[in-house]
Amino acid sequence: MRIIVCEDYEAVSKKAAQMILSQITLKPNSILGLATGSTPVGMYKNLIQMNKEKVIDFSEVKTFNLDEYYNLPRTNNQSYYYFMHENLFNYININPANIDIPNGMTENIEAECDRYDATIKEAGGIDIQVLGIGNNAHIGFNEPTVNFEKGTHLVQLDESTIEANARFFNNKDEVPKNALTMGVGSIFKSKKIMLIACGEAKAEAIYNTVYGKVVPEVPASILQFHNDIVLILDKEAAKLLNKEDYKTA
Ligand code: GLP
């Protein structure tokens with residue numbers, strides 16, 4: 001695991017955007033795995049700016065998102081479909097046909113999960129997967145559980161995740177109880193992984209991800225086994241890590 005610790009959220013966002021820029025510069029038709037949550041918003045802002053300045057070109061890029069709430073219409077401003085358009089897609093030169101997000105309104109969950117996994121495979125697999133991390137070390141919506149789930153599947157959200165995400169809704173009861181998410185197996189297949197995390201609330205999850213036992217109760221711990229992963233953290237998220245284990249930027 002490579003770990004880079006930046007001064008603050010702004011620096012993390014810039015660094016993460018630069019990594020995406022490098023990826024697309026090397027391979028203009030890159031397949032990106034994208035994430036939602038508040039953490040990547042700053043990175044997306046940087047990418048929008050780079051696209052405006054014609055430093056980065058998304059015309060050949062394909063994207064797959066990690067997850068989507070189940071049974072929340074795409075028009076709902078808390079759906080991840082809406083989030084991605086509002087925070088990135090509407091402002092860059094990506095071809096809408098090259099965007100894929102699990103369809104949380106599907107009437108056939110199994111068929112939709114199979115379609116999603118098959119489409120990623122047909123595209124050639126994800127070149128770089130962006131990840132945030134939940135306070136409970138979930139990645140995508142892979143909650144702490146007793147098994148690592150491989151492919152895209154339906155999950156029941158943890159009470160702590162519902163509470164954490166309630167800030168985006170009018171109240172806790174409005175937060176969907178289920179979601180479709182890529183499994184840890186799908187995430188693990190990405191050629192590169194970039195996990196970004198900021199703030200003290202993530203410090204314990206990051207500590208367990210880096211030093212803990214690889215167990216499904218700490219979903220992000222599986223990342224210890226990936227051979228091309230970088231963690232980009234701010235000082236607070238990194239505060240429990242040993243200084244010799246990271247580089248500062
Ligand atoms: C949600 C998403 C995750 C994300 C997490 C952290 O639960 N499904 O992919 O990593 O939120 O969100 P934040 O970045 O707002 O802390």
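Whatever order the structure lists ligands and atoms in, that order sets their numbers, starting from 1. Computed from a predicted model, the values in this text were never measured in an experiment.
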Under 4.0 Å, heavy atoms only, figure out whether ligand 1 is touched by the backbone of [X], its side chain, both or neither.
X    : answer
A35  : neither
R167 : side chain
Y80  : side chain
D67  : side chain

Could you list the atoms of ligand 1 found under 4.0 angstrom from a heavy atom of G132? 10 (O)
Flag S38 as yes when one of its N or O atoms lies below 3.5 Å from any N or O atom of ligand 1, and as no otherwise.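 Yes, S38 has an N/O under 3.5 Å of an N/O on ligand 1.
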Hey, does G140 come in under 3.5 Å of ligand 1, counting only N/O atoms on both sides?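 Min N/O separation from ligand 1 is below 3.5 Å for G140.
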At what distance is the nearest protein heavy atom to [atom], and which residue and atom is it?
atom                    : result
atom 4 (C) of ligand 1  : T36 O, 4.0 Å
atom 12 (O) of ligand 1 : G37 CA, 3.8 Å
atom 11 (O) of ligand 1 : H138 NE2, 4.1 Å
atom 16 (O) of ligand 1 : K202 NZ, 2.5 Å

So, do F168 and F83 have ring centers that fall under 6.0 Å from each other?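 No: the rings miss the under 6.0 Å criterion.
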Ring centres of Y82 and H85 under 6.0 Å apart?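 No, the ring of Y82 stays outside the 6.0 Å limit from the ring of H85, centre to centre.
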In the hydrophobic clustering that connects Ile, Leu, Val, Met, Phe, Trp and Tyr at side-chain heavy-atom distances below 4.5 Å, which members other than Y70 occupy its cluster, ordered by chain and number?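 Answer for Y70: I109, L154, L180.
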Passing option when D57 is tested against N93, N51, T25 for side chain to side chain donor-acceptor pair (under 3.5 Å):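 Of the listed residues N93, N51, T25, the side chain to side chain donor-acceptor pair (under 3.5 Å) partner of D57 is N93.
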Of the listed options V41, T39, I133, closest to atom 6 (C) of ligand 1 (non-hydrogen atoms): I133
Have a look at [X] and tell me which of [options] forms a side-chain contact (heavy atoms from CB on, under 4.5 Å) with it.
X    : options          : answer
F148 : V215, N142, I222 : I222
V130 : T39, L34, I232   : L34
I24  : V61, N29, L47    : V61

Please check if atom CZ in F169 has more than 12 non-hydrogen atoms from other residues, nucleotides or ligands closer than 6.0 Å.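 More than 12 within 6.0 Å, yes.
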